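Data block below; observations after.
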Amino acid sequence: MTDPVADLRPMMRRDRAASALGMRVEVDEPGRAVVSMTVREDMLNGFDITHGGLVFALADTTFAIVCNEDEKVTVAAGADITFLKSTRAGQVLTAAGARRARNGRTGLYDVTVTDETGDIVAEFRGRSITTNRPFPEENS
């Protein structure tokens, strides 16, 4: 059996938050990414629905993959999310992200989060800025 983590880019192999949340990178291509996550009981808020911050985290992780498509460290300059449908434990959320525009050091990216039925759960728009920061060492 192959190790799914070994196939990930160094950025995602180091992403402890995505790992702790059980995120799975399904697609990682220049300008496009798909990441999925199964909602667990410990991801629910006081209304027994998925905590919005965790839906945001899934979309933000997808955004991070899409906007880091070269050797330069690119980070969020800002992001907005619109929640359209609540979900519950056991449901599978899938975030599909795409580059809309990239010019110089800035970029614009859209991520759509859906549930296992294909219904839209949230729409996310991220704005990126490319830094001069070096990538962290693989072993650190």
Side-chain angles (χ1 to χ4, degrees):
M1 185 169 158
T2 62
D3 178 6
V5 175
D7 294 334
L8 297 175
R9 298 196 248 161
M11 177 187 80
M12 289 309 296
R13 285 197 300 266
R14 296 176 51 80
D15 192 324
R16 294 170 292 283
S19 178
L21 293 171
M23 293 183 196
R24 298 171 302 281
V25 177
E26 311 286 345
V27 175
D28 181 350
E29 300 172 353
R32 183 173 167 272
V34 178
V35 180
S36 63
M37 176 179 79
T38 301
V39 179
R40 303 183 312 236
E41 289 286 333
D42 64 342
M43 296 175 168
L44 304 181
N45 64 20
F47 299 114
D48 282 338
I49 58 175
T50 310
H51 191 290
L54 298 175
V55 175
F56 186 96
L58 175 63
D60 186 53
T61 297
T62 306
F63 164 54
I65 293 169
V66 177
C67 72
N68 279 282
E69 59 183 285
D70 56 26
E71 72 286 347
K72 298 176 181 167
V73 174
T74 301
V75 296
D80 300 293
I81 193 164
T82 301
F83 300 103
L84 299 166
K85 179 183 178 186
S86 60
T87 56
R88 300 187 180 282
Q91 290 191 264
V92 177
L93 303 182
T94 301
R99 176 187 348 100
R100 300 284 297 148
R102 186 171 172 193
N103 188 8
R105 293 182 46 206
T106 62
L108 184 66
Y109 303 83
D110 288 333
V111 179
T112 299
V113 180
T114 57
D115 65 15
E116 70 283 352
T117 70
D119 286 350
I120 297 174
V121 172
E123 290 286 351
F124 172 105
R125 174 157 276 188
R127 296 167 306 281
S128 70
I129 185 79
T130 300
T131 72
N132 293 322
R133 185 179 309 167
F135 273 94
E137 294 294 322
E138 182 77 29
N139 299 342
S140 64

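Below, each value reflects all heavy atoms present in this structure, side chains not excepted, and no hydrogens, waters or symmetry copies. This chain uses plain numbering: 1 for the first residue, then up along the sequence. All values derive from a computational prediction rather than experimental measurement.
Shown here for Val66 and Ala98, the closest heavy-atom pair between the two residues is CG1-C, 3.9 Å. Minimum interatomic distance between Ala59 and Val113 (heavy atoms only, all atoms of both residues): CB-CG2, 4.0 Å. Closest heavy-atom contact between Ala79 and Phe56: CB-CZ, 3.9 Å.
Taking CZ of Arg99 as the start and OG of Ser128 as the end, the distance is 10.0 Å to the nearest 0.5 Å. Here the OG1 atom belonging to Thr94 is positioned 7.5 Å from the CZ atom belonging to Arg24, to the nearest 0.5 angstrom. Met12 contributes atom CE, which lies 7.5 Å from atom CE of Met23 (distance to the nearest 0.5 angstrom).
Although no hydrogens or angles enter the test, the distance criterion places no donor-acceptor pair under 3.5 Å between the side chain of Ser19 and the main chain of Asp15. Remark: side-chain polar atoms of Arg9 are not paired, donor with acceptor, to backbone N or O of Asp28 under 3.5 angstrom. Side-chain atoms of Thr62 do not come within 3.5 Å of backbone N or O of Ala33 as any donor-acceptor pair. Remark: side-chain polar atoms of Glu116 are paired, donor with acceptor, to backbone N or O of Val92 under 3.5 angstrom. Checking side-chain atoms of Arg13 against main-chain N and O of Met11 turns up no donor-acceptor pair under 3.5 Å.
Asn103 meets the side chain to side chain donor-acceptor pair (under 3.5 Å) test with no other residue; sequence neighbours excluded. Partners of Lys85 under the salt bridge (charged side-chain N to carboxylate O under 4.0 Å, His left out) rule, at least two apart in sequence or in another chain, are Asp115, Asp119. In this structure Arg102 satisfies the salt bridge (charged side-chain N to carboxylate O under 4.0 Å, His left out) test together with Glu69, Asp70, sequence neighbours excluded. Residues satisfying the salt bridge (charged side-chain N to carboxylate O under 4.0 Å, His left out) test with Glu29, not counting sequence neighbours, are Arg32. Arg100 pairs by the side chain to side chain donor-acceptor pair (under 3.5 Å) definition with Asp110, not counting sequence neighbours. Qualifying ring-ring contact (aromatic ring centres under 6.0 Å, His included) partners for Tyr109, counting only residues two or more places apart in sequence or in other chains: Phe63. A search for side chain to side chain donor-acceptor pair (under 3.5 Å) contacts involving Thr130 returns Thr74, not counting sequence neighbours. Every residue was checked against the salt bridge (charged side-chain N to carboxylate O under 4.0 Å, His left out) condition with Arg88, not counting sequence neighbours, and none meets it.
Under the side chain to side chain donor-acceptor pair (under 3.5 Å) criterion, the residue pairs touching residues 43-55 are Thr50-Thr87, with sequence neighbours excluded. Note on residues 73-83: pairs passing salt bridge (Lys or Arg N to Asp or Glu O under 4.0 Å), not counting sequence neighbours, are Asp80-Arg127.
Residues Thr61 and Met37 fail the side-chain proximity criterion, which asks for heavy atoms closer than 4.5 Å.
Counting Ile, Leu, Val, Met, Phe, Trp and Tyr side chains that sit under 4.5 Å apart, directly or through other members, Phe47 shares a hydrophobic cluster with Ile49. Counting side-chain heavy-atom gaps under 4.5 Å among Ile, Leu, Val, Met, Phe, Trp and Tyr, the cluster of Ile120 also holds Leu84.
A continuous path of Ile, Leu, Val, Met, Phe, Trp and Tyr side chains, each step under 4.5 Å between heavy atoms, connects Leu44 with Val121, placing both in one hydrophobic cluster. In this structure, Leu21 is a member of the same hydrophobic cluster as Ile81, with clusters built from ILVMFWY side-chain heavy atoms closer than 4.5 Å. No path of Ile, Leu, Val, Met, Phe, Trp and Tyr side chains, each step under 4.5 Å between heavy atoms, connects Val111 with Leu108, placing them in separate hydrophobic clusters.
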**Study point:** Derivation and outcome, side-chain contact (heavy atoms from CB on, under 4.5 Å), residues Leu54 and Arg40
**Key:** CA-CA 11 Å; Leu54 298 175; Arg40 303 183 312 236; over 6 Å; no
